Student: 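One structure, as C-alpha cells, below. Some questions next.
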Amino acid sequence: MTSTANYGWRSALAGAAAGMAAALALPACGQAADLAAAPAAAPAMPDPAWYVRVGLGGVLFDSGATITTPLGTVAGASAHAENNLTALVEVGYFLYDNIAISLTGGYPPTTTLSGTGTATALGTLGKVTYGPATLTAHYHFKDFGPIQPYVGAGVGYSIIFNSTSGAVQNLSVRGAPAFVLQAGVDYILARNWAVFFDVKKLFLSVDATGTLGGVPVSADVKLDPLVLFTGITYRF
C-alpha cells in the first residue's frame with residue numbers, strides 16, 4: 001500500500017509540473033509568434049545626393065599690382081580692388097556619403113580698381129565686371145549630428161565680362177585660373193533643408209593692359225579674394 005501511495009503522489013506531482021510547464025510555454029509561444037509576425041524595421045533612408053545652395057556672398061580682395069611701362073616698372077605704384085557683395089548659387093552632388101563636388105557661381109559684380117602708392121593721384125584706374133566660378137571637391141564630417149563641417153579644394157576661373165576705362169584708357173583685363181581652398185559648415189534642419197556658412201580662398205592674379213596719357217601700360221594685378229558665402233540649402 002505504501003508503495004502504491006508513493007507512486008500516486010509522484011504521478012500527481014509529475015502531472016502538475018507538466019501542466020505548469022505547458023501553461024508557461026503558451027505565452028512564450030505566443031510572444032515568439034508575435035515577433036515572427038511583426039514586420040522588419042524599414043532601413044534608414046540615405047541622405048539626398050543632390051543639393052542647391054543660394055545666398056549672399058562677400059568678395060574680400062587681398063589686392064596689389066605691379067605696374068610697368070615701356071621704360072620699366074613704376075616704382076611704388078600699385079592698385080586696390082574694391083570689395084563686393086553679390087548673390088551666389090552652388091550646385092553639388094555627393095559621390096559618396098562623405099565626399100561631394102560642387103560648382104559655384106553667381107551674379108557678376110563690378111569692382112573698382114584704384115591707384116595706390118605712387119599711383120594714388122591717378123584715382124580710379126578703371127572698373128571690371130567679373131564672374132568668379134569655382135569647382136571644388138570636399139569631405140564632410142557627419143559624426144556631429146546636425147552640425148556637419150567640411151573641408152575641400154579645387155580650381156576656379158575669373159570670367160571677365162566687361163572692363164571700363166578710368167585713368168587708364170582702353171583698359172582690358174583678361175580672365176585667369178585660380179587655385180581654391182574651401183571650408184565651411186552645414187546645419188541640417190530637416191531631410192531636405194539646411195543652412196550653411198562657406199569660406200573659399202582663391203589664389204588669383206590677372207593681367208591688365210591699357211594706356212596712360214598715351215603711354216602703354218600693363219599690370220600684373222593680384223586679387224586673391226576671400227569669398228564668404230551664407231544662405232539656405234535644398235537637398236534632393
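Atoms considered below: every heavy atom in the structure, side chains included; atoms not considered: hydrogens, waters and symmetry mates. It should be emphasised that the depicted structure is a prediction, and the values quoted were computed from it without experimental measurement.
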Student: So, taking the atom named OG1 in Thr134 and the one named CG in Leu181, what distance separates them when rounded to the nearest 0.5 Å?
Tutor: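 It is 11.5 Å, given to the nearest 0.5 Å.
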Student: Going by the rule side-chain contact (heavy atoms from CB on, under 4.5 Å), which residues pair with Ala77 if we only count those two or more places apart in sequence or in a different chain?
Tutor: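 Partners of Ala77 under the side-chain contact (heavy atoms from CB on, under 4.5 Å) test: Ile67, Val74, Thr118, Ala119.
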Student: Return the set of residues passing side-chain contact (heavy atoms from CB on, under 4.5 Å) with Tyr187 (not counting sequence neighbours), or none when no residue passes.
Tutor: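 Partners of Tyr187 under the side-chain contact (heavy atoms from CB on, under 4.5 Å) test: Pro146, Ile147, Leu189, Val195.
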Student: Mind checking side-chain hydrogen bond (donor to acceptor under 3.5 Å, both in side chains) for Gln182 and listing every partner two or more places apart, or none if nothing turns up?
Tutor: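 side-chain hydrogen bond (donor to acceptor under 3.5 Å, both in side chains) check on Gln182 returns Thr136, Asp198.
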Student: Give me each pair satisfying salt bridge (charged side-chain N to carboxylate O under 4.0 Å, His left out) with a member in residues 58-68, each pair once, sequence neighbours excluded.
Tutor: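 As it turns out, the salt bridge (charged side-chain N to carboxylate O under 4.0 Å, His left out) pairs with a partner in residues 58-68, which skip direct neighbours, are Asp62-Lys222.
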Student: Give, for atom OH of Tyr150 and atom CD1 of Ile99, the distance between the pair rounded to the nearest 0.5 Å.
Tutor: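 If we round to the nearest 0.5 Å, Tyr150:OH and Ile99:CD1 are 15.5 Å apart.
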Student: With sequence neighbours left out, what residues match His138 under side-chain hydrogen bond (donor to acceptor under 3.5 Å, both in side chains)?
Tutor: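 Expected list: Ser102, His140.
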Student: State which residues pass side-chain hydrogen bond (donor to acceptor under 3.5 Å, both in side chains) with Thr66; sequence neighbours excluded, sorted by chain then number.
Tutor: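 Result, side-chain hydrogen bond (donor to acceptor under 3.5 Å, both in side chains) vs Thr66: none returned.
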Student: CD1 of Ile188 to CD of Gln148: how many Å apart, nearest 0.5 Å?
Tutor: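 Between Ile188 CD1 and Gln148 CD, I get 4.0 Å after rounding to 0.5 Å.
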Student: Ignoring hydrogens and angles, write down the donor-acceptor pairs under 3.5 Å from the side chains of residues 201-219, residues two or more places apart or on other chains.
Tutor:
residue : atom : partner : partner atom : Å
Lys201  : NZ   : Asp224  : O            : 2.8
Thr211  : OG1  : Asn170  : ND2          : 3.4
Ser218  : OG   : Thr68   : OG1          : 2.8

Student: Ignoring hydrogens and angles, write down the donor-acceptor pairs under 3.5 Å from the side chains of residues 121-132, residues two or more places apart or on other chains.
Tutor:
residue : atom : partner : partner atom : Å
Thr129  : OG1  : Thr110  : OG1          : 2.6
Tyr130  : OH   : Asn84   : OD1          : 2.7

Student: Run the salt-bridge test on Arg53 and Asp186 with the 4.0 Å N-O cut-off and return the result as yes or no.
Tutor: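 Yes.
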Student: Considering residues at least two apart in sequence or located in another chain, which fulfil the side-chain contact (heavy atoms from CB on, under 4.5 Å) criterion with Tyr157?
Tutor: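 If we apply the side-chain contact (heavy atoms from CB on, under 4.5 Å) test to Tyr157, skipping adjacent residues, the hits are Ile159, Pro177.
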Student: Do Phe61 and Thr111 come within less than 4.5 Å of each other through their side chains, counting heavy atoms only?
Tutor: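 Result yes, sub-4.5 Å side-chain heavy-atom pair found.
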Student: In this structure, is the centre-to-centre distance between the rings of Phe229 and Phe196 below 6.0 Å?
Tutor: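 Centroid distance Phe196-Phe229: below 6.0 Å, so yes.
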Student: Among residues two or more places apart or on two chains, list those pairs meeting salt bridge (charged side-chain N to carboxylate O under 4.0 Å, His left out) that have a residue in residues 151-174.
Tutor: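 Every candidate salt bridge (charged side-chain N to carboxylate O under 4.0 Å, His left out) pair involving residues 151-174 fails, so no pair, neighbours aside, qualifies.
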Student: Assert yes or no for the condition that the ring centre distance of Tyr139 to Phe141 is strictly below 6.0 Å.
Tutor: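 Yes, the ring of Tyr139 comes within the 6.0 Å limit of the ring of Phe141, centre to centre.
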Student: Applying side-chain contact (heavy atoms from CB on, under 4.5 Å), can you list everything that pairs with Phe236, at least two apart in sequence or on another chain?
Tutor: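 For Phe236, the residues satisfying side-chain contact (heavy atoms from CB on, under 4.5 Å) (neighbours in sequence not counted) are Trp50, Val52, Tyr234.
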Student: Under the side-chain hydrogen bond (donor to acceptor under 3.5 Å, both in side chains) rule, collect the residues that match up with Asp47, sequence neighbours excluded.
Tutor: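 Here the qualifying residues are Lys142.
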